[in-house]
Amino acid sequence: MASPPRTPGGHRERLLAAMAVSIEQKGYRDTSVADVVGIARTSRRTYYEHFKDRDACFLALFDSTSEEMMSEIARAVRADASLEEQVDAAVGSYLDGVAARPELFRSFTRELPALGRPAVDRERAVIERFAALLVALVESGRREHADVDARPLSRDAALVIVGGLRELTVSAFEQRREVSELRATAVGVVKAILGAAVLEPAAAV
């Protein structure tokens, strides 16, 4: 039986890691609580001390995986880099994160909608946090490059970028394409959106 990756923390982190391992091995639909506790080497009692059911663990895994990805993106982007370098770093970090665990992210895109409103709300919250991260990264770059006449990135423009990246990834999963194939297109489109939203003169009202 596979062991979960070594993770800091206690039983909750081990259970989340075990859920991820099981999903990557057999998919979420075929993953049971027994599978998770077996991989984590904990008891069912311990499991239910942390999660009320299988879906709750899956949703918590989605949250923690998304937060980890956003932290990786934030670390990859340097405020003193040019806008093009920042886009390369941010999009590259996002796609590398997905490519590292394709079965897990494929499961998120397939299974979350079937879990009802709570899952939809969680996914929406992650999209909003991702958009807020992009806004903050652009603002940090503006402060670092005060000599460049750049506007703040609006929430709407950030949501367009995040939503587009997500849909591009979902489409790649459905077509069984390698996520790495998306890099050139994704980087080019994000640069174009940012160029229009941040660098080009604002349209007259």
Side-chain angles (χ1 to χ4, degrees), residues 1-73 91-131 133 159 161-183 186:
M1 179 175 291
S3 297
R6 291 185 178 273
T7 56
H11 288 120
R12 187 177 190 277
E13 288 73 20
R14 287 186 61 80
L15 289 165
L16 290 175
M19 172 65 81
V21 169
S22 185
I23 289 171
E24 290 173 329
Q25 290 177 345
K26 59 199 300 188
Y28 178 64
R29 294 183 185 181
D30 293 328
T31 289
S32 66
V33 170
D35 293 324
V36 175
V37 299
I39 294 172
R41 297 177 183 174
T42 61
S43 66
R44 294 178 71 92
R45 177 179 177 180
T46 298
Y47 179 94
Y48 287 111
E49 287 175 353
H50 294 279
F51 306 107
K52 68 176 183 179
D53 54 25
R54 187 182 66 134
D55 290 351
C57 185
F58 183 61
L59 290 174
L61 175 62
F62 171 69
D63 286 342
S64 65
T65 304
S66 300
E67 289 297 331
E68 182 180 350
M69 171 175 279
M70 284 186 277
S71 295
E72 289 293 334
I73 292 171
V91 174
S93 180
Y94 170 78
L95 293 177
D96 287 345
V98 175
R101 310 195 77 174
E103 294 305 321
L104 184 58
F105 282 92
R106 183 178 288 113
S107 181
F108 290 151
T109 62
R110 286 179 176 175
E111 309 298 346
L112 281 172
L115 300 185
R117 188 70 195 183
V120 172
D121 289 343
R122 300 282 268 277
E123 189 169 25
R124 181 65 185 176
V126 166
I127 290 173
E128 289 282 357
R129 291 199 299 274
F130 199 167
L133 171 63
L159 285 172
I161 293 171
V162 175
L165 286 174
R166 180 188 179 282
E167 290 305 313
L168 187 63
T169 304
V170 170
S171 176
F173 285 151
E174 292 175 347
Q175 298 173 10
R176 292 287 173 176
R177 295 172 59 197
E178 294 292 330
V179 174
S180 59
E181 297 175 16
L182 308 177
R183 187 179 299 257

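Nothing here was measured: the structure is a model prediction, and the numbers come from that model.
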**Study point:** For L165 against T169, the heavy-atom pair lying closest together
**Key:** O-OG1, 2.8 Å
Check your understanding: Does the side chain of M19 reach to within under 4.5 Å of the side chain of I39, using non-hydrogen atoms?
Key -> no
Check your understanding: Are I73 and F130 close enough that some pair of their side-chain heavy atoms sits under 4.5 Å apart?
Key -> yes
Point to revise | Exam field: side chain D30 to backbone G27, donor-acceptor pair closer than 3.5 Å | key: no
**Study point:** Worked verdict on E103 versus Q25 for side-chain contact (heavy atoms from CB on, under 4.5 Å)
**Key:** CA-CA 8 Å; E103 294 305 321; Q25 290 177 345; over 6 Å; no
Check your understanding: With a 4.5 Å limit on heavy-atom distance, are the side chains of V98 and L182 in contact?
Key -> no
Check your understanding: Ring centres of F58 and Y28 under 6.0 Å apart?
Key -> yes
**Study point:** Trace of the side-chain contact (heavy atoms from CB on, under 4.5 Å) decision for L112 with L59
**Key:** CA-CA 8 Å; L112 281 172; L59 290 174; 3.5 Å; yes
Check your understanding: Got more than 12 heavy atoms from elsewhere within 6.0 Å of CD, E49?
Key -> yes
Revision key, fill the gap. Heavy-atom nearest pair, L104 first then T65, reads CD2-OG1, 4.1 Å
Exercise for review: Please report the closest heavy-atom contact between A60 and R12, naming both atoms and the distance.
Suggested key: CB-NH2, 3.5 Å
Revision key, fill the gap. For F108 and P113 the tightest heavy-atom approach is O-CD, 4.2 Å
Point to revise | From CA spacing to verdict: side-chain hydrogen bond (donor to acceptor under 3.5 Å, both in side chains), D96, S93 | key: CA-CA 5 Å; D96 287 345; S93 180; over 6 Å; no
Review point. Side-chain contact, heavy-atom cut-off 4.5 Å: R110 with R29?
Key: no
Exercise for review: Is it possible for you to check whether R54 lies under 6.0 Å from the centre of the six-membered ring of Y47, through NZ or CZ, and within 45° of that ring's axis?
Suggested key: no
Practice item. Determine, for E123 against R166, whether the closest basic-nitrogen to carboxylate-oxygen distance falls under 4.0 angstrom. Key: yes
Practice item. Return the set of residues passing salt bridge (charged side-chain N to carboxylate O under 4.0 Å, His left out) with E72 (not counting sequence neighbours), or none when no residue passes. Key: R75
Exercise for review: Taking the side chain as every heavy atom from C-beta outward, state whether L16 and E13 have any pair of such atoms under 4.5 Å apart.
Suggested key: no
Exercise for review: Measure from the side-chain N and O atoms of S64 to the backbone N and O of L61, and report whether any donor-acceptor pair falls under 3.5 Å.
Suggested key: yes
Revision key, fill the gap. Heavy atoms of H11 and H50 approach each other most closely as CB-NE2, 3.7 Å
Check your understanding: With distance as the sole test, does S71 use its side chain to make a donor-acceptor pair with the main-chain N or O of E67 at under 3.5 Å?
Key -> yes
Check your understanding: Do we see a donor-acceptor contact under 3.5 Å between the side chains of S66 and D63?
Key -> no
Practice item. State whether a side-chain donor-acceptor pair under 3.5 Å links Q175 with S171. Key: yes
Review point. What heavy-atom pair brings V36 and L15 nearest, and what distance separates the two atoms?
Key: CG1-O, 3.6 Å
